Each structure stands twice: as C-alpha cells, then as structure tokens.
Amino acid sequence: DGAITDRGYNLIGDPNSEHFPFDAVNGNKVGEAPLLSPLGFNGGPTETYVPTGASPAIDAGDSAVEKRDQRGIVIGPGVPGTIGATQVFDSLHVSSTVDSGYDSLRRAIEIFNEKGGANTIHLGAGIFELSDILAGDLDVEGQVLTINGLGAEQTIINASGIDDRVIDIHSGASLYLTGVTLQGGTGERGGGLRNSGGASLDFVRIVDNQGGLNGGGIANETGGNMGI
C-alpha cells in the first residue's frame, strides 16, 4: 500500500485505523464521533455529509489558510472553518458584486435560507448589481438574517436589471439591514423592500424604486413588523 502523509486537520473516528494511523496532533481529531448528516446534495457537484451542530469538525479547521469547500464557498484565513468537504458557518463576507456564483450575495442568502437560524452577511464596498431575471429579487426565508454594509454611500444593491424589487422578506423570516442603499427596484408593492416578516433598517437609504400600487420604496404587509 502507498504511504499517506498527515497534513493535519483531519477527523478520524476510529483511533485504531490501519489506513489512517494519525495521532491527535497537527489539528487532527482522533477517536471522536463525526456526527454527520445523511449523505445528500447540499450544493456543489456531488453529494456530501454535513457536520451537525455538535460535530467536532465545526470550527476545527486551519485558521491560517483560506479554505474553499466543494460548493466553492471561501472561508478565512483568520476563521477556523470546518474539517471536511462542507463548511458550516453563520457568517459570510461577500465582496463579489456579480449576481452569480458561490461568492455572490444572492448565493449567500440562499445558503442561509437553507440553513435557517441566525446568520450574518458582511458586504464590501461597491454596487451589487442584481441581473438574474429568472431568480428575481433577493428572497429572505426561514431565517434571521443580518446584512451589514460599509455605509449607504459605499454599499449599494441595485435591482434595475431584473424588473423586480430588491429584497422580499417572507413571513416567518427577519432581516436586520444596516449601512446599505437599495435602489432600482420595481414591484406592485414595495419596489425597494417588501416585508411580510420582521425588518429593522438602520443607516439605510432607499432611492429610485417604484411601486405599481403603492409603497414605491417600502411595503410593510399585514402581519409584518418593521423598525426604521
């Protein structure tokens, strides 16, 4: 059999494994139950196991290097990340202003919609142009999401390319939005933002949006709660 080199940060359930005779050094986790979800499609080209909340793989990766999981999501450096093919996290930094790919704002929201719970997206400076006409607006569903921009003058989400509103908060979800401009959206109600769940806006500018019926900038639907 060929030799296997220990490069560190491995999770090995069987401490007596003949195939992986590694010690609990170099960031390795040895003899601990991995606590993984069933094999399934979790994004990316192949099926993966996702570490569950109590898995020793979470926050056990190498914080000194950048990590890209098999879905293309980039974590770190400076963040430990997760051992394995699928990163588990509740915070993402998005700098790409392109409306496609695994490093886009749209994909970050979709990932957290699937994950649920409380999550945070940090946006860099620039104009985040929404261009996916089929996908339409940015839907916030089934989670409590915080989006932090660098300021309304620096971080802009523009929906002029999709003929839809900018953000739609669904019933049961919440969005805390800070330091962002929403512009260029159109919708029957709420061209900039429609809220059917919970919303809190701080240092947010909503400009150049249109509503067909009313609420050109914001529509707070029945049952929605909003603080501005």
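Since this is a predicted model, take the numbers as computed values, not measurements.
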- Task: Starting from the C-alpha separation in whole Å, work towards a yes-or-no answer on side-chain contact (heavy atoms from CB on, under 4.5 Å) for Thr186 and Asp163.
- Result: CA-CA 6 Å; Thr186 60; Asp163 193 27; 3.3 Å; yes
- Task: List the steps and the verdict of side-chain contact (heavy atoms from CB on, under 4.5 Å) for Val207 and Thr181.
- Result: CA-CA 7 Å; Val207 296; Thr181 288; 4.1 Å; yes
- Task: Let me see the working for His122 and Ser91 under side-chain contact (heavy atoms from CB on, under 4.5 Å), right down to the final yes or no.
- Result: CA-CA 8 Å; His122 301 281; Ser91 178; 3.5 Å; yes
- Message: Evaluate Ile167 against Asp137 for side-chain contact (heavy atoms from CB on, under 4.5 Å), listing each step before the verdict.
- Response: CA-CA 6 Å; Ile167 295 176; Asp137 56 24; over 6 Å; no
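The two residues Phe128 and Thr155 make their nearest non-hydrogen contact at CE1-CG2, 3.9 Å. Of all the heavy atoms in Pro56 and Ala60, the pair that sits closest is O-CB, 3.3 Å. Contact record, Ala159 with Val166: CB-CG2, 3.7 Å, taken as the closest heavy-atom pair. Of all non-hydrogen atoms in Val94 and Leu105, the two that sit nearest each other are CG1-N, 3.7 Å. Of all the heavy atoms in Ile58 and Pro51, the pair that sits closest is CG1-CB, 4.0 Å. For Ala219 against Arg189, the heavy-atom pair with the smallest separation is CB-C, 3.6 Å.
Remark: side-chain polar atoms of Thr52 are not paired, donor with acceptor, to backbone N or O of Leu36 under 3.5 angstrom. Between the side chain of Asn209 and the main chain of Gly185, a donor-acceptor pair closer than 3.5 Å is present. Looking only at distances, a side-chain donor or acceptor of Arg165 sits under 3.5 Å from a matching main-chain atom of Gly190. Under a 3.5 Å cut-off, the side chain of Ser95 and the backbone N or O of Gly124 do not form any donor-acceptor pair.
Enclosure of atom CG in Asp202 by more than 12 non-hydrogen atoms of other residues, nucleotides or ligands within 6.0 angstrom is indicated.
Taken together through direct or relayed side-chain contacts under 4.5 Å among Ile, Leu, Val, Met, Phe, Trp and Tyr, Phe203 and Ile228 form parts of separate hydrophobic clusters. Note on Tyr49 and Leu11: separate hydrophobic clusters, where clusters join Ile, Leu, Val, Met, Phe, Trp and Tyr whose side-chain heavy atoms are under 4.5 Å apart, directly or indirectly. Transitive grouping of hydrophobic side chains (ILVMFWY, heavy atoms separated by less than 4.5 Å) brings Leu177 and Ile121 into a common cluster. Hydrophobic clustering (side-chain heavy atoms under 4.5 Å, transitive across Ile, Leu, Val, Met, Phe, Trp, Tyr) groups Ile206 together with Met226.
Put simply, the residue from Val98, Asn158, Asp99 that forms a side chain to side chain contact (heavy atoms under 4.5 Å, CB included) with Ser131 is Asp99. Between Gln87 and the choices Thr82, Leu92, Val50, the side chain to side chain contact (heavy atoms under 4.5 Å, CB included) rule is met once, by Thr82.
How far CD1 of Ile157 is from CD of Glu129: 11.0 Å, rounded to the nearest 0.5 Å. Taking CG of Leu130 as the start and CG of Asp164 as the end, the distance is 9.0 Å to the nearest 0.5 Å. Between the CZ atom in Phe41 and the OG1 atom in Thr46 there is a gap of 7.5 Å [rounded to 0.5 Å]. How far OG of Ser196 is from CG of Asp168: 6.0 Å, rounded to the nearest 0.5 Å. Distance CG/Leu193 to CG/Leu182: 6.5 Å, rounded to 0.5 Å. In this structure, CG on Asp62 lies 4.0 Å from OH on Tyr9, to the nearest 0.5 angstrom.
Within the 4.5 Å cutoff, the side chain of Ile156 has no heavy atoms near those of the Val180 side chain. At a threshold of 4.5 Å between non-hydrogen side-chain atoms, the residues Asp23 and Asn28 do not count as touching. Here the side chains of Lys29 and Asn10 are not in contact, with every heavy-atom distance at 4.5 Å or above. For the pair Asp139/Ile109, no side-chain contact is recorded, criterion being any heavy-atom separation below 4.5 Å from C-beta on. Counting heavy atoms from C-beta on, the side chains of Ile218 and Asn195 never come closer than 4.5 Å. In this structure, the side chains of Thr178 and Ile147 stay at 4.5 Å or more apart for every pair of heavy atoms. Taking the side chain as every heavy atom from C-beta outward, Asn119 and Val144 never approach each other to under 4.5 Å. Arg106 has its side chain within reach of Leu138: a pair of non-hydrogen atoms, C-beta onward, lies under 4.5 Å apart.
Note on Glu188 versus Arg194: no salt bridge recorded, every NZ/NE/NH1/NH2 to OD/OE distance being 4.0 Å or above. With respect to Lys115 and Glu141, no salt bridge is recorded, no charged nitrogen being found less than 4.0 Å from a carboxylate O.
Remark: the Asn113 side chain and the Gln143 side chain contain an N/O donor-acceptor pair separated by less than 3.5 Å. Using a 3.5 Å distance cut-off with no hydrogens or angles, the side chains of Gln70 and Thr86 do not pair a donor with an acceptor.
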